[in-house]
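Read the structure below first, then the notes.
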Amino acid sequence: MARIAALIVVALMLATGTARAEPIAATPACQQKHIAPQTLDYSQPLNLGQLKNQIYFYVCSGTYDSELNKIATAARAYVEQRAGEVSKPALVLDIDETSLSNAAVELASDFAYLSGIPCVLDPDSHAGAPALKGPCGFGEWVALARAPAIDGTLALYQAAKQHKVAVFFITGRHEGETAVTEANLKAAGFDHWDGLTLRPEGDKRTVIQYKSGEREKIAQAGFTIIANVGDQYSDLSGGFAERAYKLPNPMYFIP
């Protein structure tokens with residue numbers, strides 16, 4: 001994988017007035033699986049069950065939320081500082097696990113990527129914190145358009161708009177999911193953007209080729225991408241951004 005030339009740092013600021021996520025530790029899946037940390041044996045291949053338990057603890061203990069929050073603050077500070085120093089400043093955001101949280105389905109499905117299983121919402125769910133009664137397919141989850149905002153990224157987005165920074169979303173979701181993605185972003189508080197790019201069906205490029213190519217188009221349009229934020233190194237590799245901010249994601253890896 002190509003190395004990231006840009007600086008990778010960490011961030012958050014709480015947002016108000018939108019469909020906000022409850023702390024992940026309050027979700028039913030966390031309450032059922034609150035597991036103490038444990039030392040993993042690195043002398044053998046990692047035991048999957050132990051590794052899952054460690055991830056549950058990381059996510060459900062509040063550490064995951066805290067580290068997401070640290071990263072967004074640094075990104076916001078840089079965007080606010082840099083916004084008035086360049087012509088046509090821009091911010092690029094990934095969507096899943098960067099702007100919108102899918103922790104509800106990841107935890108309910110025990111980190112498995114499922115397909116074709118309907119999502120059943122707990123009747124006590126509300127707009128900002130949907131609770132699932134059991135595992136369901138990721139595509140079915142996306143179709144609900146109920147993923148809450150990651151608070152730190154929403155605060156970063158709001159600061160960018162206040163400082164007249166153009167905001168572009170580049171996601172690995174496919175073009176067939178455009179309508180539900182737009183609806184979910186707006187419901188979560190991301191109510192305006194300057195560009196939203198979803199991956200064409202059948203696209204054979206790697207994630208790095210696809211996302212860096214889309215950033216190159218933004219740069220060719222005269223924008224200076226002052227910050228690029230994502231939860232995968234493949235969101236950030238390939239250049240065309242002054243700084244890259246890597247959010248933690250212990251739940252899946254996209255090369």
Side-chain angles (χ1 to χ4, degrees), residues 2-18 20 67-101 149-173 178 181-182 184-199 207-249:
R3 304 275 309 173
I4 302 171
L7 176 66
I8 298 180
V9 279
V10 207
L12 178 234
M13 185 164 185
L14 294 178
T16 58
T18 58
R20 294 177 53 192
E67 292 187 357
L68 284 171
N69 292 349
K70 290 178 184 176
I71 297 177
T73 306
R76 176 175 176 172
Y78 184 72
V79 166
E80 291 178 334
Q81 168 207 320
R82 191 72 173 127
E85 299 175 347
V86 300
S87 174
K88 297 181 70 174
L91 169 67
V92 170
L93 299 173
D94 173 51
I95 292 181
D96 294 303
E97 274 54 71
T98 297
S99 302
L100 301 177
S101 174
I150 290 176
D151 285 341
T153 306
L154 182 57
L156 167 61
Y157 160 86
Q158 291 169 336
K161 301 309 295 182
Q162 290 168 4
H163 287 77
K164 302 188 186 318
V165 176
V167 177
F168 295 85
F169 290 98
I170 303 175
T171 176
R173 293 185 180 194
T178 298
T181 298
E182 290 178 342
N184 200 156
L185 286 171
K186 290 176 180 178
F190 300 95
D191 53 3
H192 174 77
W193 49 80
D194 298 88
L196 171 60
T197 302
L198 290 86
R199 194 162 188 172
V207 174
I208 294 173
Q209 290 170 338
Y210 157 60
K211 292 204 167 187
S212 65
E214 294 303 320
R215 292 196 302 274
E216 183 177 14
K217 293 177 184 178
I218 295 169
Q220 288 174 343
F223 290 94
T224 298
I225 300 174
I226 56 179
N228 177 26
V229 184
D231 63 284
Q232 304 287 326
Y233 288 106
S234 54
D235 294 331
L236 308 175
S237 297
F240 302 102
E242 288 187 348
R243 293 195 179 184
Y245 292 82
K246 169 68 171 64
L247 297 173
N249 182 352

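Throughout, residue positions are numbered sequentially from 1 according to the sequence presented.
- With rounding to the nearest 0.5 Å, the separation of CZ in R173 from CG in D94 is 9.5 Å.
- Nearest heavy atom pair, residue F190 against residue L100, reads CE1-CD2, 4.2 Å.
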- Task: Please step through side-chain contact (heavy atoms from CB on, under 4.5 Å) for the pair Y157 and S99, ending with a clear verdict.
- Result: CA-CA 9 Å; Y157 160 86; S99 302; over 6 Å; no

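- Atom CD1 of residue I150 and atom CG of residue L93 lie 10.5 Å apart, to the nearest 0.5 angstrom.
- Scanning for salt bridge (Lys or Arg N to Asp or Glu O under 4.0 Å) contacts around D194 gives K161, with sequence neighbours left out.
- Within the model, atoms CD of E67 and CG of N249 stand 12.0 Å from one another, a figure rounded to the nearest 0.5 Å.
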- Item | D235 vs L247, side-chain contact (heavy atoms from CB on, under 4.5 Å): CA-CA, chis, key distance, verdict | CA-CA 10 Å; D235 294 331; L247 297 173; over 6 Å; no

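- For S212 against S237, the heavy-atom pair with the smallest separation is CB-O, 3.9 Å.
- Ring planes of F223 and F168: perpendicular class, angle over 60° (limits at 30 and 60°).
- Every side-chain hydrogen bond (donor to acceptor under 3.5 Å, both in side chains) that K217 has, sequence neighbours left out, goes to E214.
- Side-chain contact between E182 and L196 is present, with heavy atoms from C-beta onward closer than 4.5 Å.
- Using a distance-only test at 3.5 Å, with no hydrogens or angles considered, a donor-acceptor pair links the side chain of K246 to the main chain of D231.
- A donor-acceptor pair under 3.5 Å links the side-chain atoms of R215 to the main chain of G239, judged by distance alone.
- The two residues A75 and V229 make their nearest non-hydrogen contact at CB-CG2, 4.5 Å.
- A salt bridge is defined here as a Lys NZ or Arg NE, NH1 or NH2 lying under 4.0 Å from an Asp or Glu carboxylate O, and E80 with R76 meets this definition.
- In this structure, the side chain of D96 does not engage the main chain of T171 through any donor-acceptor pair within 3.5 Å.
- Pairing each heavy atom of I226 with each of P89, the nearest pair is CD1-CB, 4.1 Å.
- In terms of heavy atoms, A227 sits closest to V79 at CB-CG2, 3.9 Å.
- Across every non-hydrogen atom of F240 and A219, the tightest pair is CD2-CB, 4.3 Å.
- Side-chain atoms of K211 come within 3.5 Å of backbone N or O of I170 as a donor-acceptor pair.
- In this structure, the side chain of T153 engages the main chain of T98 through a donor-acceptor pair within 3.5 Å.
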